[in-house]
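In what follows, a single structure is set out as structure tokens and then discussed.
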Amino acid sequence: MPRKKKVEEEEESQSEEEEVLPKKRTRKPSLKSKEASQSSQDSEDEDKPKKRGSKKAKESDGKEEVEAVPPVVTDFTQPAKKEGDLKIVSWNIAGFKAILGKGFEEYVTKEDPDIICLQETKIAPEGVSAELLPGYQRHFYAAAKKGQHGTGVFSKVAPIAWTDGIGDAEHDTEGRVITAEYENFYLVNTYIPNSGSKLKELEYRKKWDPKFLEYLQKLDKIKPVIWCGDLNVAHEEIDLKNPKPNKNKTPGFADAEREGFSNVLKAGFVDSYRHLYPTEVDCYTFWTYKYNSRAKNTGWRLDYFVIPQRMVPNLSDVYRRPHIMGSDHCPLVLHVSQKPLEQVPHVEQAQVEQKSE
């Protein structure tokens, strides 16, 4: 079902215009108190040296604000990968052409993942150079509308087959899902639809979520599924900095979106990050470009690795790389064992049509 161009453009970036920050309550000072305060402030400012930061200082509410520098990781071998584990990266790059000029190749070389899943690539497959990242196979899936959405995968391990979309004509025009079949699992890379400014596209999202869950369950009857990507939902209040003012107002924190993800968990899947770190706060993967949000760590956890419950014994670690810049999202990294799982008695074999490259 076609949608208006304006809405398609709005959903490219999570909540950049719509994120609601808590309002500051202030009492209007009298004229005398204002003059006294200003005089005192002027005197103090003359005595204080100006602060310096990594970028230019900005004035906010009469106080100088200095942008912080995220801690830099130089040893990308940490956390250490266990023998036999796969290292998989998921990253919304907000444009493949743009990220190439922002250190993408350098990051991948240092991180050295076995597989890297990209979202919001905005590029046709033929636009990706064959010389980029030697040693990796690649597969990109573009939206029918040029320059919108899109997903891509680079893999050192040769997949058995690639599948584009979920097999539903209504939902397979925007390049949002790539499935790579490997010997012991499926890897599903997704850029889940954003509900749009003022939740204008929430009804479409409510159609998408159950259809996509059906697709995951169909695959999971054959072999375990690792589902990753920008899921455009902060599941619980702990998953964003300012939950109360954003609830049912900002895309990513509407009740219907959160319920859609809850239904996935009820179906036997596990949010791997929360499984390992159930109470960790401030562990965000997205920060709007506005309000100096990344430096303040005022963010959202929108990026996930989701696995079936029976795959939990194979889960080693999940962690973020918040210092890696170039996008309004940061890379999320999974360590998972490649060993096959024991056959689950209730699992029935199903046929999933594969569209090989």
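One distance of note links CG of Asp112 with CZ of Phe76; it measures 11.5 Å at 0.5 Å rounding. In this structure, Ser337 OG and Met311 CE are separated by 8.0 Å, a value rounded to the nearest 0.5 Å. To the nearest 0.5 Å, atoms OG (Ser195) and CD (Glu203) are separated by 9.5 Å. Here Leu334 contributes atom CG and Cys228 contributes atom SG; the two are 8.5 Å apart, rounded to the nearest 0.5 Å. Atoms CD1 and CG, on Ile226 and Asp220 in that order, are 11.0 Å from each other to the nearest 0.5 Å. If you take CG on Asn297 and SG on Cys283, they are separated by 9.0 Å, rounding to the nearest 0.5 Å.
Considering only heavy atoms from C-beta on, Asp114 stays 4.5 Å or farther from Ile88 through its side chain. Residues Gln217 and Val225 are not in side-chain contact: their nearest non-hydrogen atoms beyond the backbone lie 4.5 Å or more apart. With a 4.5 Å cut-off on side-chain heavy atoms, Gln119 and Ser327 do not count as touching. By the 4.5 Å heavy-atom criterion applied to side chains, Leu202 and Glu257 are counted as neighbours. Side chains of Asp303 and Leu231 form no contact here, defined as non-hydrogen atoms less than 4.5 Å apart. Side-chain contact between Trp287 and Lys296 is absent, with no heavy atoms from C-beta onward closer than 4.5 Å. You'll find the side chain of Asn314 reaches within 4.5 Å of the side chain of Lys339, heavy atoms only. With a 4.5 Å cut-off on side-chain heavy atoms, Thr121 and Ile93 count as touching.
Residue Ile192 comes nearest to Asn232 through the heavy atom pair O-ND2, 2.8 Å, listed as atom of the first residue, atom of the second, then distance. Of all the heavy atoms in Thr190 and Thr151, the pair that sits closest is C-CG2, 4.3 Å. Asn184 and Pro224 get closest at one heavy-atom pair: O-CD, 3.5 Å. Nearest approach of Ala234 to Asp239, heavy atoms of both residues: CB-O, 3.8 Å. Taking each heavy atom of Pro79 and Arg321 in turn, the nearest pair found is CD-NH1, 4.3 Å. Minimum interatomic distance between Leu199 and Thr250 (heavy atoms only, all atoms of both residues): CD2-C, 3.8 Å.
Under the 3.5 Å distance criterion, with hydrogens and angles disregarded, no donor-acceptor pair is assigned to the side chains of Tyr186 and Thr163. Between the side chains of Tyr182 and Gln338, not a single donor N or O lies within less than 3.5 Å of an accepting N or O. His235 and Asp271 are not linked by any side-chain donor-acceptor pair at a separation below 3.5 angstrom, with hydrogens and angles left out of the test.
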Distance-only donor-acceptor hits, side chain of residues 95-106, under 3.5 Å, sequence neighbours excluded:
{"from": "Glu106", "atom 1": "OE2", "to": "Lys110", "atom 2": "NZ", "distance (Å)": "3.1"}

Residues Tyr284, Arg294; criterion side-chain contact (heavy atoms from CB on, under 4.5 Å); working and verdict: CA-CA 9 Å; Tyr284 309 126; Arg294 193 157 188 167; over 6 Å; no
Intermediate values then yes/no, side-chain contact (heavy atoms from CB on, under 4.5 Å), Val333 and Lys87: CA-CA 7 Å; Val333 188; Lys87 186 179 192 179; 3.8 Å; yes
Trace of the side-chain contact (heavy atoms from CB on, under 4.5 Å) decision for His139 with Asp164: CA-CA 10 Å; His139 184 86; Asp164 293 340; 2.7 Å; yes
Verdict with reasoning, Tyr191 to Glu174, per side chain to side chain donor-acceptor pair (under 3.5 Å): CA-CA 9 Å; Tyr191 178 38; Glu174 297 183 331; over 6 Å; no
Steps toward side-chain contact (heavy atoms from CB on, under 4.5 Å) verdict (Asn246, Leu240): CA-CA 9 Å; Asn246 286 289; Leu240 71 163; 4.1 Å; yes
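Remark: Arg320 pairs with no residue by the salt bridge (Lys or Arg N to Asp or Glu O under 4.0 Å) rule, at least two apart or across chains.
No donor-acceptor pair closer than 3.5 Å links the side chain of Asp85 to the backbone N or O of Ser316. Side-chain N or O atoms of Asn189 include one that pairs as donor or acceptor with a backbone N or O of Gly152 at under 3.5 Å. With Ser90 contributing its side chain and Leu332 its backbone, the two residues share no donor-acceptor pair below 3.5 Å. Remark: side-chain polar atoms of Lys223 are not paired, donor with acceptor, to backbone N or O of Glu181 under 3.5 angstrom.
Counting non-hydrogen atoms of neighbouring residues, nucleotides and ligands closer than 6.0 angstrom, the NZ atom of Lys247 reaches no more than 12 such neighbours. More than 12 non-hydrogen atoms from other residues, nucleotides or ligands lie less than 6.0 angstrom from CD of Gln78.
Hydrophobic clustering keeps Ile238 apart from Val318 (ILVMFWY residues linked when any side-chain heavy atoms are closer than 4.5 Å, directly or through intermediates).
A salt bridge does not link Lys211 with Asp172: none of the charged nitrogens is closer than 4.0 Å to a carboxylate oxygen. Of the charged side-chain nitrogens involved, at least one lies within less than 4.0 Å of a carboxylate oxygen, so that Arg258 and Glu236 count as a salt-bridged pair.
Taking the six-membered ring for Trp and thresholds of 30 and 60 degrees, Phe154 and Phe140 have ring planes more than 60 degrees apart, a perpendicular arrangement. Using cut-offs of 30° and 60° on the angle between ring planes, the pair Tyr204 and Trp208 is tilted. Between Phe261 and Tyr304, the ring-plane angle classifies as tilted under the 30° and 60° cut-offs.
In this structure, Phe305 has its ring center no closer than 6.0 Å to that of Tyr319.
Just one residue in the list Trp162, Tyr215, Trp227, Tyr141 forms a side-chain hydrogen bond (donor to acceptor under 3.5 Å, both in side chains) with Thr179, and that residue is Tyr215.
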